[in-house]
Colleague: 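Please see the structure below; I have some questions.
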Number of protein chains: 2
Amino acid sequence: MGRSHMNAMILKLRHGAHLSHSDEERLRALASERRIVAAHEDIIREGERPENIYLVLDGYACRYTILDSGVRSIMAYLLPGDICDLHVALLGFIDHSIGALTRCEVAEIPPQAIDDLGADHPAIIRALWWSTLVDEAILRRWLVSMGRRRADQHLAHFFCELYMRMDSVERVRECSIQFPLTQEVLADTIGISAVHVNRVLQQLREMRLIGLYGKTLTIHDFDRLAEFAGFSSHYLHLKDRMRSEALPPKRDT
Amino acid sequence: MGRSHMNAMILKLRHGAHLSHSDEERLRALASERRIVAAHEDIIREGERPENIYLVLDGYACRYTILDSGVRSIMAYLLPGDICDLHVALLGFIDHSIGALTRCEVAEIPPQAIDDLGADHPAIIRALWWSTLVDEAILRRWLVSMGRRRADQHLAHFFCELYMRMDSVERVRECSIQFPLTQEVLADTIGISAVHVNRVLQQLREMRLIGLYGKTLTIHDFDRLAEFAGFSSHYLHLKDRMRSEALPPKRDT
DNA sequence: CGTTTGATTGACACGAGTCAACACCAGTGG
DNA sequence: CCACTGGTGTTGACTCGTGTCAATCAAACG
């Protein structure tokens with residue numbers, strides 16, 4: 001992972017605003033202070049007041065909490081290109097933890113560096129706000145899925161979203177994405193038990209809606225999966241339609 | 001309702017920043033263009049690109065969607081003092097509807113008026129961002145409740161949050177708030193069936209955790225309810241502890 | 001190689017949905 | 001003034017999705 005990828009943040013923010021060459025240069029510079037976070041390690045812990053803003057360049061991270069009962073609840077995925085808490089400064093402390101689900105490469109950005117962007121790079125600022133709003137929209141969809149979809153549809157919906165988000169930062173190859181997460185992690189993200197995740201995954205595989213073997217998730221017919229899940233991508237506010245590579249192969253009927 | 005209340009937005013934003021007299025004057029001016037929305041009417045419909053920013057001054061409104069299956073999912077409550085979509089402009093269209101659950105008094109604010117605040121009233125800008133971040137935190141808590149709490153705890157948690165938010169804009173009187181909503185509305189906010197809402201409400205009443213008769217919700221012992229729900233108010237990022245009037249009467253033990 | 005972590009399976013329990021009937025209003029109109 | 005109405009709240013019986021527990025299997029790893 002993370003070898004010759006283009007800076008994912010730039011790929012992502014292109015969906016939110018038109019970025020000039022100078023904008024992109026500046027973004028590249030922002031992500032210069034890099035660090036590796038081991039899997040299962042926290043990036044920010046609940047109650048802290050983080051000094052810096054974190055940007056995920058590679059790997060999977062998530063927002064989560066542990067309830068009194070001891071169960072974990074995952075509230076969001078941070079994928080390559082995603083930024084954590086652009087403006088925690090306003091709230092003083094953070095009300096949940098951010099942890100690395102896999103080994104992650106992250107960049108630390110001093111808040112001042114963001115403020116300094118304001119004058120010369122308004123497009124970047126707009127793109128950053130755009131991404132915040134999209135995060136909120138995703139949160140709302142998750143809430144809907146959690147409340148009103150059966151486990152199988154919910155999981156399918158999650159896979160659709162993940163696939164599209166990964167596609168938007170060019171992490172889809174041959175209808176597949178790297179997905180080195182355990183079923184227990186999936187359980188905590190869709191709010192069901194790990195055992196039931198297992199059952200539902202088998203069902204989705206049997207229906208040929210997904211392939212999930214080893215550490216790679218494959219979606220051969222995205223439209224069918226989306227249909228099953230009741231997924232519509234409009235809430236992601238992505239600029240382009242799906243990249244052709246991510247689409248199922250054409251049949252010459 | 002809505003007779004001699006202080007402008008709820010000002011009460012709310014005081015939690016997010018210190019507002020000068022001049023700031024408050026300016027806020028009062030913002031809410032001058034008022035309108036009544038009838039119960040069950042939409043304020044903004046999914047897919048639209050709203051011209052103005054809406055501010056709820058009185059009544060209950062909500063964000064919601066209708067799924068393909070026909071069920072409604074309520075994703076947020078807009079209480080007096082709450083603002084809808086400060087920055088939809090960035091996204092182009094809105095991916096859910098906003099509707100009045102009861103008769104509402106709303107103010108329409110042209111986006112330009114917000115931009116103009118930037119120069120002279122930085123505290124207002126900060127307070128507005130604060131409120132956006134709190135909205136997001138609330139969304140995350142809802143997600144956790146939806147995924148990991150039983151219906152009874154979930155409902156109790158919702159009541160705790162509602163009570164505190166209403167208290168923060170001085171809408172609590174004698175441990176009670178106005179709550180003229182049907183059990184079906186509750187069902188769509190908690191993500192369960194209306195029949196089950198009924199059963200759970202009876203249980204909560206029997207445990208003397210809440211009183212809900214007619215159109216008023218009473219919480220005599222907030223701490224007990226919070227304990228039952230696993231509620232902690234930190235995520236609301238409110239400035240003060242609960243107002244004394246909202247607390248249960250002191251016993252001289 | 002044993003040890004460990006994660007995936008899979010089956011039996012059973014329980015929370016919550018569904019459907020249908022009924023009770024209880026607040027309006028409404030005759 | 002009363003009968004009708006439609007919306008809401010309440011109840012019971014039954015079904016179904018998911019949770020829980022425990023055993024087993026498979027793969028990863030030092």
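In what follows, chains are A, B, ... by sequence order, proteins preceding strands, each numbered from 1.
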Colleague: Under 4.0 angstrom, heavy atoms only, what part of the nucleic acid is Ala151(A) near: base, sugar-phosphate, or nothing?
Modeller: sugar-phosphate

Colleague: Return the value, rounded to whole Å, for the distance between atom NZ of Lys215(B) and atom C1' of dG9(D).
Modeller: 12 Å

Colleague: Is the shortest side-chain N/O distance from Gln183(B) to OP1 or OP2 of dT10(D) below 4.0 Å?
Modeller: yes

Colleague: Do you know the tightest heavy-atom contact between Pro80(B) and Met166(B)?
Modeller: CD-SD, 4.3 Å

Colleague: In this structure, how many angstroms lie between the P atom of dT10(D) and the OH atom of Tyr213(B), rounded?
Modeller: 10 Å

Colleague: Nearest to the side chain of His196(A), heavy atoms from C-beta on, is which of dT18(D), dG17(C), dT8(C)?
Modeller: dT18(D)

Colleague: Counting heavy atoms from C-beta on, name the nucleotide in dC21(D), dT10(D), dT8(C) closest to the side chain of Val195(A).
Modeller: dC21(D)

Colleague: Would you name the heavy atoms of Ala156(A) and Leu225(A) that are closest together and state the gap between them?
Modeller: CB-CD1, 3.7 Å

Colleague: Looking at the base of dG9(D), is there any donor atom on it, or on the side chain of Arg199(B), that sits under 3.5 Å from an acceptor on the other one?
Modeller: no

Colleague: Measuring to OP1 and OP2 of dG9(D), would you say a side-chain N or O of Gln202(B) lies under 4.0 angstrom away?
Modeller: no

Colleague: Start at the 5' end of DNA chain D and walk down; is the nucleotide closest to Gly191(A) or to Leu181(B) reached first?
Modeller: Leu181(B)

Colleague: Heavy atoms under 4.0 Å, any strand shown: does Ser193(B) hit a base, just sugar-phosphate, or nothing?
Modeller: base

Colleague: What is the distance, to the nearest angstrom, from the CG atom on Leu186(A) to the C1' atom on dT5(C)?
Modeller: 16 Å

Colleague: Figure out the CZ/P separation between Arg149(A) and dT18(D), and round it to whole Å.
Modeller: 13 Å

Colleague: Rounded to the nearest 0.5 Å, what's the gap from SG on Cys104(A) to CD1 on Ile43(A)? Could you check?
Modeller: 5.5 Å

Colleague: Return the orientation label for the His157(A) and Tyr235(A) ring planes: parallel under 30°, perpendicular over 60°, tilted otherwise.
Modeller: parallel

Colleague: Measure the distance from CZ on Arg150(A) to P on dT18(D) and round it to the nearest whole Å.
Modeller: 7 Å

Colleague: Starting the side chain at C-beta, find the nucleotide from dT8(C), dA7(C), dG9(D) nearest to Thr182(B).
Modeller: dG9(D)

Colleague: Roughly how many Å is it from CG in Asp152(B) to C1' in dA16(C), rounded to a whole number?
Modeller: 12 Å

Colleague: Send over the distance from Ile192(A) CD1 to dG17(D) P, rounded to a whole Å.
Modeller: 13 Å

Colleague: Is the Tyr77(B) to Phe158(B) ring centre distance short of 6.0 Å?
Modeller: yes

Colleague: Could you tell me the separation between the CG atom of Asn198(B) and the C1' atom of dA21(C), rounded to a whole number of Å?
Modeller: 14 Å

Colleague: Hey, does the side chain of Arg205(A) come within less than 4.0 Å of dT8(C)'s phosphate (OP1/OP2), counting only N and O?
Modeller: yes

Colleague: Using a heavy-atom cut-off of under 4.0 Å over every strand shown, decide if Arg148(B) touches base, sugar-phosphate, or nothing.
Modeller: nothing

